[in-house]
Amino acid sequence: MKKLYTILALILLQSHLVGASAQNKEHNFEVMQNLEIFNTLFRDLDMYYVDSLDAKSLITTGIDAMLGSLDPYTEYYAEEDMDDLKMMTTGKYGGIGSVIRQRKDSTIIIYEPYEGMPAAEVGLQVGDVIKSIDGKAITKGMSTADVSDMLRGEPGTTFILKVLRPGEKKEREFKITRQSIKVAAVPYYGLYGTVGYIDLTQFTEGCSKDIRRAVINLKDRGATSIMLDLRGNGGGLLSEAVEIVNLFVNKGLTIVQTKGKVANANSTYITKSEPLDLDIPLAVLVNGNTASAAEIVSGSLQDLDRAVIIGSKTFGKGLVQSPRQLAYNTSFKLTTSKYYIPSGRCIQAIDYKKLRAIRDKKGGSTEADDSLKHIFHTAGGRIVRDGGGIMPDITIQHDTLANLLYYISNDNVMTDWGTRYTQSHAAPSAVRDLVITDQDFADFKQMVKDSGFTYDRISIKRFEELKKTAQFEGYYDDAKAEFEALEKMLEHNLDRDLDKHQKDIRRLMAVEVIKRYAFQAGQVEVTLQDDDDFSRAITILTDRDQYNKILHP
């Protein structure tokens, strides 16, 4: 056993040193020293620890901790997790095409079937409780990950799924054939007057072709401008981002440069095709969850003065990951470089090296101070800055999402109400025809109250902390009347809170209903009916003078 560990350690050391010959000897010695320490430590753990160890689990924990200390994007994928990596890059997996969710009672339900996929095709509905998969019962101890693994499999394989539909006593049985599921990168596009709207949710293989087809279709239907929605888009394939930019800019332009520590991490991405349309006005919607490849598209179009960027500051992920194959069908993706968009700026917001340095200390910011950010210029001379995401040309201020809305959207009561509603109402003829009436809201309110719904109120938590601090420091008695008055104002009143946020709750109710009839496309369409970013973009795109003034002040 000891000899085996020594051989493994030597293999690790030699493989590292072959690729590190150009590095200084001190660094090489430090690597050798610490690998030997790790090898010796694990050998002794395995031999002498009081209980038997699961080597795979223990090593994986160590790997995850090591990579997690670097940045959130450098990740290890064990053999059984390789499908997740494939799903990230291709958007494909073998399964039934449905999101599942765990309820408070630990049951697992069908939460969102995808249009045209096996789950929807056989008739599974939102709210169906999964009881068994191919004869294996789904027990309370199982997680959504456990059930998801059981539902996934090789395309073409068939299994029996039993579910219990709300309001029924007898289980329903479905024979389902798994297929290669490709999550739609463009779940919805539509025409609003003369403005073509396209929702892009991820940068997976072929998404640039989806955008091309959507633009052509919208133009054929009369679109004279295009709005690209990248809000909530966390990115994906860099090459697809460049292809999308290329639809609207000339061939031969440098869109992205990646720069890393080793030469093969340095690349230049240039537009290689003739554009689809150089002149059509463009607006891009972004928010704090717009990241990576989505920031390349929005940032490049801004740098080239090709689109008006609308919304709120983007996430700021300017790091590039590359997958590397490891032994025994494992892999990991690691951060190898930073990307720089046409103006020359890098939009990475968080300095992870600095974060590691202050991790054990209190305070300190990991983002660059505004005074330390560098000024760059767009093609037309407009000022842009690095180090903190993409700052929109038109910033829209949004109200903070109420804590109540978060809890309601994630509670069983919303799903249950949606099921009850669809069982007693006919499907709307079109998404835009759906109306949540006063009676619908009153029914929902009553259902919320009857369900015993509760939620954490941050204000009362902060109040209790302040009260304890005041008592500790001796100020409470002098301000007792004021504290009591404030506490009374903060008293829990669910009925009042529901009424106060009625507008936003009705929007959630509409989304819950429409996803059962019109899937992802319907959800996008219904949320646009009361969307400040969308409305502002419509205004700008239909006013050519205003549009030109923003891009060419």
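Values reported hereafter were calculated over all heavy atoms of this structure, with side chains retained and with hydrogens, waters and symmetry mates removed. Note that the numbering runs from 1 along the sequence shown for the chain.
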**Q** Determine whether more than 12 heavy atoms belonging to other residues, nucleotides or ligands lie under 6.0 Å from atom NZ of Lys104.
**A**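 More than 12 within 6.0 Å, yes.
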**Q** Does this structure show an ion pair linking Lys461 with Glu465, if we count only N-O contacts that are shorter than 4.0 Å?
**A**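 Not counted as a salt bridge, because no side-chain N and carboxylate O are separated by less than 4.0 Å.
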**Q** Are any of the side-chain nitrogens in Asp134 or Lys175 under 4.0 Å away from the carboxylate oxygens of its partner?
**A**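 Not counted as a salt bridge, because no side-chain N and carboxylate O are separated by less than 4.0 Å.
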**Q** With heavy-atom distances below 4.5 Å as the criterion, would you say the side chains of Val183 and Gln202 are in contact?
**A**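 Contact flag for Val183/Gln202 side chains = yes.
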**Q** Does Asn287 use its side chain to pair, donor to acceptor, with the backbone of Gly232 at less than 3.5 Å?
**A**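 Side chain of Asn287 to backbone of Gly232: a pair is present.
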**Q** Main chain of Asp54, side chain of Ser57: is a donor-acceptor contact present, judged purely on distance under 3.5 Å?
**A**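 Side chain of Ser57 to backbone of Asp54, a donor-acceptor pair under 3.5 Å: no, none is there.
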**Q** Nearest 0.5 angstrom please: Asp51 CG to Leu45 CG, how far?
**A**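 CG of Leu45 is found 11.5 Å from CG of Asp51.
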**Q** Assess, by modelled atom type and distance only, whether the side chains of Thr158 and Thr177 contain a donor and an acceptor separated by less than 3.5 Å.
**A**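 Yes - a donor-acceptor pair under 3.5 Å links their side chains.
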**Q** Spell out, as yes or no, whether a donor-acceptor pair under 3.5 Å connects the side chain of Thr157 to the backbone of Glu154.
**A**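 It does hold such a pair.
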**Q** Is a side-chain donor or acceptor of Asp128 paired with a backbone partner of Leu164 at a separation under 3.5 angstrom?
**A**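 A pair under 3.5 Å: no.
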**Q** Any sub-3.5 Å donor-acceptor pair from Arg345's side-chain atoms to Arg385's backbone N or O?
**A**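 The answer is yes, because a donor-acceptor pair under 3.5 Å joins these two groups.
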**Q** Strictly by modelled atom types, are Asp64 and Thr61 linked by a side-chain donor-acceptor pair under 3.5 Å?
**A**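 No pair is found: no donor N or O on one side chain lies under 3.5 Å from an acceptor on the other.
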**Q** Is atom NZ of Lys449 surrounded by more than 12 heavy atoms (other residues, nucleotides or ligands) closer than 6.0 Å?
**A**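 More than 12 within 6.0 Å, yes.
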**Q** Please name the pair of heavy atoms, one in Ala241 and one in Ile296, separated by the smallest distance, quoted to 0.1 Å.
**A**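 Result for this residue pair: CB-CG2, 4.1 Å.
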**Q** Would you say the side chain of Tyr73 lies within less than 4.5 Å of the side chain of Tyr352, judging by non-hydrogen atoms?
**A**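 Result yes, sub-4.5 Å side-chain heavy-atom pair found.
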**Q** Checking side-chain hydrogen bond (donor to acceptor under 3.5 Å, both in side chains) for the pair Thr415/Asn412: CA distance, chi angles, key distance, verdict?
**A** CA-CA 5 Å; Thr415 303; Asn412 299 338; over 6 Å; no
**Q** Is there a donor-acceptor pair closer than 3.5 Å between any side-chain N or O of Asp199 and the backbone N or O of Leu228?
**A**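 Between the backbone of Leu228 and the side chain of Asp199 there is no qualifying donor-acceptor contact (under 3.5 Å).
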**Q** Spell out, as yes or no, whether a donor-acceptor pair under 3.5 Å connects the side chain of Glu115 to the backbone of Met117.
**A**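 Here the side-chain-to-backbone pair does not exist.
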**Q** Tell me the closest heavy-atom pair linking Ala120 and Tyr114, and the distance in Å.
**A**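 Looks like CB-O, 3.4 Å.
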**Q** Quick check for you: to the nearest 0.5 Å, what is the distance between Leu334 atom CG and Leu319 atom CG?
**A**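 Reported value, rounded in 0.5 Å steps: 11.5 Å.
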**Q** Any side-chain heavy atom of Met150 sitting closer than 4.5 Å to one from Met142?
**A**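 Heavy-atom side-chain distance check passes, below 4.5 Å.
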**Q** Minimum heavy-atom separation for Lys140 to Ser106, with atom names?
**A**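 Reported closest heavy-atom pair: O-CB, 3.7 Å.
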**Q** So, does Gln325 use its side chain to make a donor-acceptor pair with the main chain of Thr330 at under 3.5 Å?
**A**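 Between the backbone of Thr330 and the side chain of Gln325 there is a qualifying donor-acceptor contact (under 3.5 Å).
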**Q** Supply the atom-to-atom distance Ile96 CD1 to Ile181 CD1, rounded to the nearest 0.5 angstrom.
**A**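 Nearest 0.5 Å value for the CD1-CD1 distance: 8.0 Å.
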**Q** Does the side chain of Asp411 come within less than 4.5 Å of Phe453's, by heavy atoms?
**A**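 With C-beta onward as the side chain, the pair touches.
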**Q** Report the C-alpha separation of Val524 and Gln520 in whole Å, then their side-chain angles, then the decisive distance to 0.1 Å, and conclude whether the side-chain contact (heavy atoms from CB on, under 4.5 Å) test is met.
**A** CA-CA 6 Å; Val524 176; Gln520 287 179 296; 5.6 Å; no
**Q** So Phe42 and Asp44, side-chain contact (heavy atoms from CB on, under 4.5 Å) or not? Walk me through it.
**A** CA-CA 5 Å; Phe42 185 80; Asp44 287 355; over 6 Å; no
**Q** Before giving the answer on side-chain contact (heavy atoms from CB on, under 4.5 Å), spell out for Tyr269 and Leu238 the whole-Å C-alpha distance, their side-chain angles and the decisive distance to 0.1 Å.
**A** CA-CA 9 Å; Tyr269 293 81; Leu238 182 62; 3.4 Å; yes
**Q** Would you check, one step at a time, whether the test salt bridge (Lys or Arg N to Asp or Glu O under 4.0 Å) holds for Arg172 with Glu168?
**A** CA-CA 9 Å; Arg172 293 188 179 216; Glu168 300 180 357; 2.7 Å; yes
**Q** For Gln471, is the CD atom crowded, meaning more than 12 foreign heavy atoms sit under 6.0 Å from it?
**A**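 Atom CD in Gln471 is packed in, count exceeds 12.
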**Q** Search all heavy atoms of Cys346 against all heavy atoms of Tyr339 and return the closest pair with its distance.
**A**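 Where Cys346 meets Tyr339 most closely, the heavy atoms are SG-O, 3.5 Å.
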**Q** Looking at Arg507 and Asp504, is there a salt bridge between them, counting it only when a charged N and a carboxylate O are closer than 4.0 Å?
**A**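 Here Asp504 pairs with Arg507 in a salt bridge, since their nearest N and O are under 4.0 Å apart.
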**Q** Any luck finding a side-chain donor-acceptor pair between Arg516 and Thr419 under 3.5 Å?
**A**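 A pair is found: one side chain offers a donor N or O, the other an acceptor, under 3.5 Å apart.
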**Q** Between Glu171 and Lys162, does any NZ, NE, NH1 or NH2 come within less than 4.0 Å of an OD or OE carboxylate oxygen?
**A**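 Not counted as a salt bridge, because no side-chain N and carboxylate O are separated by less than 4.0 Å.
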**Q** What is the distance from atom CG of Asn233 to atom CZ of Phe203, rounded to the nearest 0.5 Å?
**A**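 Rounded to the nearest 0.5 Å, the CG-CZ separation comes to 5.0 Å.
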**Q** Which class fits the ring pair Tyr407 and Tyr455: parallel under 30°, tilted 30 to 60°, perpendicular over 60°?
**A**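 The arrangement is tilted - the two ring planes meet at 30° to 60°.
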**Q** Is it the case that the side chain of Ser331 and the backbone of Arg324 share a donor-acceptor pair, with hydrogens and angles ignored and the cut-off at 3.5 Å?
**A**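 The answer is yes, because a donor-acceptor pair under 3.5 Å joins these two groups.
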**Q** Hey, could you give me the CD1/CE distance between Ile514 and Met509, rounded to the nearest 0.5 Å?
**A**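 Interatomic distance, Ile514 CD1 to Met509 CE, rounded to 0.5 Å: 13.0 Å.
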**Q** Tell me yes or no: between the side chains of Asp71 and Thr335, is some donor less than 3.5 Å from an acceptor?
**A**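 Looking only at side-chain atoms, Thr335 and Asp71 do form a donor-acceptor pair, the distance falling under 3.5 Å.
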**Q** Are side-chain heavy atoms of Ser292 and Lys317 found at a separation under 4.5 Å?
**A**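 With C-beta onward as the side chain, the pair touches.
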**Q** For residues Val448 and Asp450, determine if any side-chain heavy atom of one lies less than 4.5 Å from a side-chain heavy atom of the other.
**A**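 Side chain of Val448 against side chain of Asp450, heavy atoms only: no contact under 4.5 Å found.
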**Q** Would you please say whether a donor-acceptor pair under 3.5 Å links the side chains of Gln321 and Glu75?
**A**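 Side chains of Gln321 and Glu75: no pair found under 3.5 Å.
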**Q** Please test Ser208 against Glu240 for side-chain hydrogen bond (donor to acceptor under 3.5 Å, both in side chains), starting from the C-alpha separation and ending with a verdict.
**A** CA-CA 6 Å; Ser208 58; Glu240 293 292 335; 2.7 Å; yes
**Q** How about Arg103: does its CZ atom have over 12 heavy atoms from other parts shown lying under 6.0 Å from it?
**A**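 Yes, the 6.0 Å shell around CZ holds more than 12 heavy atoms from other groups.
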**Q** If you take all heavy atoms of Ala185 and Thr204, which pair is closest and at what distance?
**A**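 Shortest heavy-atom separation between Ala185 and Thr204 comes out as CB-OG1, 3.9 Å.
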**Q** Between Glu295 and Gly318, is there a donor-acceptor pair closer than 3.5 Å when you use the side chain of the first and the backbone of the second?
**A**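 The answer is no, because no donor-acceptor pair under 3.5 Å joins these two groups.
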**Q** Going by heavy atoms in the side chains, are Ile100 and Glu112 under 4.5 Å from each other?
**A**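 Result no, sub-4.5 Å side-chain heavy-atom pair not found.
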**Q** Under 6.0 Å from the six-membered ring centre of Tyr111 and within 45° of its axis: does the NZ or CZ of Lys515 meet both?
**A**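 Satisfied, under 6.0 Å and within 45°.
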**Q** Which distance, rounded to the nearest 0.5 Å, do you find between the NZ of Lys209 and the CD1 of Ile244?
**A**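 One finds 11.0 Å between NZ of Lys209 and CD1 of Ile244.
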**Q** Does either side chain, that of Arg101 or that of Asn410, offer a donor lying less than 3.5 Å from an acceptor on the other one?
**A**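 Side chains of Arg101 and Asn410: pair found under 3.5 Å.
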**Q** Give me the atom names and distance for the closest heavy-atom approach of Ala119 to Ser98.
**A**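 That closest heavy-atom pairing would be CB-CB, 3.8 Å.
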**Q** Let's go through Asp386 and Ile347 carefully: what are the C-alpha distance in whole Å and the side-chain angles of both, what is the deciding distance for side-chain contact (heavy atoms from CB on, under 4.5 Å) to 0.1 Å, and is it a yes or a no?
**A** CA-CA 5 Å; Asp386 65 359; Ile347 57 173; over 6 Å; no
**Q** Is the shortest heavy-atom distance from the side chain of Ile138 to the side chain of Val147 under 4.5 Å?
**A**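 Counting from C-beta outward, Ile138 and Val147 do come under 4.5 Å.
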